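Order of the sequence lines sets the chain letters (A, B, ...), proteins ahead of strands, with each chain counted from 1. Note that the structure is predicted; figures quoted are calculated from it, not measured.
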Amino acid sequence: MLSRTADSLFWLARYTERAGNVARGLAVASRMAAVSARLGDEVEEWHSLLTALGGETDFYRKYPEPTAEAVVHWLVFDPDNASGILPCFEAARRNARAVRTALTVDMWEALNDGWNHLRTLLPDATEGGNLPDLLGWVRERVTLFNGAAYETMLRDEAWRFVHLGTMLERADNTARLLDARHKLLTAETEGAVDYVQWQAVLRSVSALRSYQWVFRERLQPRRIAELLILRPELPRSLLACFAGVAETLEAIAVGQGGRRGECHRLAGGLHARLRYGRIDAIFEEGLHAFLTTMISRAAELGGEIEAFYIQG
Amino acid sequence: METGAPVSQARTAAYDEMHTKDGVRPAYAEIERWLRATLREELDRKRHVAELLFRRIGITFAVYGEGGDPERLIPFDIIPRIIARSEWERLSAGLRQRVRALNAFLADVYGKQEILRAGKVPTALVLENEGYRQEMAGIAPPGGVYTHVAGIDMVRTAPDEFYVLEDNCRTPSGVSYMLENREAMLRLFPRLCARHKVAPVGRYPEELLETLKAVAPARAGGAPCVVLLTPGPYNSAYYEHCFLADEMGVEVVEGADLFVQDLVVYMRTTAGPRRVDVIYRRIDDEYLDPQAFRPDSLVGVPGLMAAYRAGNVALANAPGAGIADDKAIYPYVPEMIRFYLGEAPLLANVPTFLCEREEDRKYVLSHLDTLVVKLAKGSGGYGMLIGPHATLAQRQEFHARILAKPGDYIAQPTLALSTCPTMVEQGIAPRHVDLRPFILSGREIRIIPGGLTRVALREGSLVVNSSQGGGTKDTWILEDEAPTEAPSQGQSQSRWVAG
């Protein structure tokens, strides 16, 4: 396949997945901010979301304080934030348009209709009671796109690059959403709102129910981290995502007669580390340090995929 | 009950392709019956469905830099244009002959230059022409083919009078409309299509691919790698580029997808560099290779011409093919046919005045009210004066322009382009049409029976270009002389119309 085509497929999947995860993170943060407001650390809530999503520096260059209004605008509409929901849809659609014939009609329509709706929204779409509806709608569109890809794409290299993008982005995003609350999960004592916060962490990856099914016991921070990092059954866990990345890269290599590079080694290593990892060891190392490493390894892996398949 | 067929006859002196003085031509008999039997509302509804169909598929023509919607739809007229078998055979024999001569001319002017030495075409006109590429001198492309895909614009003025209006030897576009228009007709009017034995056009992409493969360098073997090179999504014909590549099953690439190493062209793929053998390029000469032509080109491939000279890649159409379709060279095409083929030209040229020649210029300046004046280098219907329709001020402006730069202008008599019945606001009325058939030259010459019919939708207008408000029609070349008659639908068989 043409490298440019693979590049566009990979990135259109990444941007779409990112839009969905920003919507998840934002939904949980705005819920939590409502709870924290009474305790006076609303600002802390928004600040940690910004830090986790990685656009912190650019945000403070533009806005003096992380007020609810400013953060929501930044994460939904602001054209200066390339990882915002609307800019993500725009970038996904731009990539899709460049490889229109490599997509199925269903995928194209999921993206194109989503973009058309978003760009015509009025500013009040993010105000107060409207925000949860909007964020829910974004998650729906992303789910629709993923479903369209899963159900309609030929299982050839095009599908593999789309899937690769989704898996790698999801790994990155899960690590970030978990990192946003690493302090809470590693605290020695249980505070007043901690239980609600733990629920929020699970909710941000749509895994509150899953926790109950997997562990059948009350929420415990270490268990939550284990679920999101090491459990293969949770489709958004780091292990599940990196397994997806490694398998997909392997499938591409097999399809090309066994041609492999640094990205394959890196993906295999990451997968093995998670597959044979223990949560206690991770907590000993420090959850934040571990997650930060994961985020930067994911970025490194993205760079190697780019170098091997796109630039090479 | 109002039916769709108060078909009015052409009031102009133009040749009406459907009607004679006392009736309907045999090839149009079934169309006439169809129009008479179909309600106007039904035709309007079908026209609306056709428009939705084209929007949905995304067949748009991008017009940038003019304001308004940049992705425009070319209006599609649902009444097909019919050409009888015998007419087409005469036409296609003429097209074959003409394209053979154009290719021979190109091989000659970049080779031995015999036609110049014989004094049949002025040397300066060729060698000092912008379309002449010195870089091509001495290069022998595979099979001696330069213009692999030619679009020859034809107009008709009488039953047996077809004129070549212009040759397009560089990167003619429009073939996707020929194919999509037929698709639309088959969907909208399956029964009408079935009652006519219409020569199919659907094999064009296959024939194009065969043509391209035939000119691959010998080392490519049986399965050469063919790509289509596009300037990108902002090009007006981008839809067509993707459509053709898709239909042929080849990659559509941009300049940045290709690179040259050791005089070999590669494309960047996920499986590493892949050698490219044939490039169907839809980029103008000047932008092909910043090392050989315009250094500021961002859409080209550095080193491409060197690889081409080394014989490692085929370019279709060949760079420099534009010298053959230059409007100042056009008057000499009949001479080329006689010179290279030793045959009498089968297709007529429109008499053309080159304003550069003093005698011609004098005539043109004193007959601006009857002539069509065109830019020698122009295309798309821009910068054109149609004398009989122009105001005094417009004619004066062209008078001054011609005096200032005579070499830039040519002039031709205003032809009465033939008309075909067309759906317009007021009903069905005759509108002027032209025809662009596409001629493929590889190991042999192939012509798909059909072409792009362009129609000037404004009453009396002679400008058919899509950039100037023209539309398109499906073009039906009949396999038989006349269509079979239809039973009137749902009625008793006794109402068959005698024919």
Item to check | For chain B, which residues of residues 147-169 of chain A have heavy atoms nearer than 4.5 angstrom | outcome: A:E157, A:F161

Checklist entry - Is any residue of residues 249-264 of chain A within less than 4.5 Å of chain B by heavy atoms, and which ones? => result A:Q256, A:R259

Checklist entry - Among all residues two or more places apart in sequence or in another chain, which pass the ring pair (Phe, Tyr, Trp, His ring centres under 6.0 Å) test with B:Y287? => result none

Item to check | Residues that B:Y238 engages under ring pair (Phe, Tyr, Trp, His ring centres under 6.0 Å), provided they are two or more places apart | outcome: none

Next on the checklist: Can you give me the closest heavy-atom contact between A:R4 and B:V253, atom names plus distance?
Outcome noted: NH2-CA, 3.8 Å

Checklist entry - Among B:D246, B:D257, B:V252, which residue forms the greatest number of heavy-atom pairs with chain A at distances under 4.5 Å? => result B:D257

A quick test of your reading: do over 12 heavy atoms of other residues, nucleotides or ligands sit less than 6.0 Å from [atom1] of [X]?
X	atom1	answer
B:R274	CZ	no
B:R275	CZ	yes
B:D262	CG	no
B:L298	CG	no

Item to check | Sidechain-backbone polar pair: B:T269 side chain, A:L2 backbone, donor-acceptor under 3.5 Å | outcome: no

Item to check | Whether A:S3 side chain and B:R268 backbone form a donor-acceptor pair below 3.5 Å | outcome: yes

Item to check | Side chain / backbone / both / neither for B:V227 at chain A, heavy atoms under 4.5 Å | outcome: neither

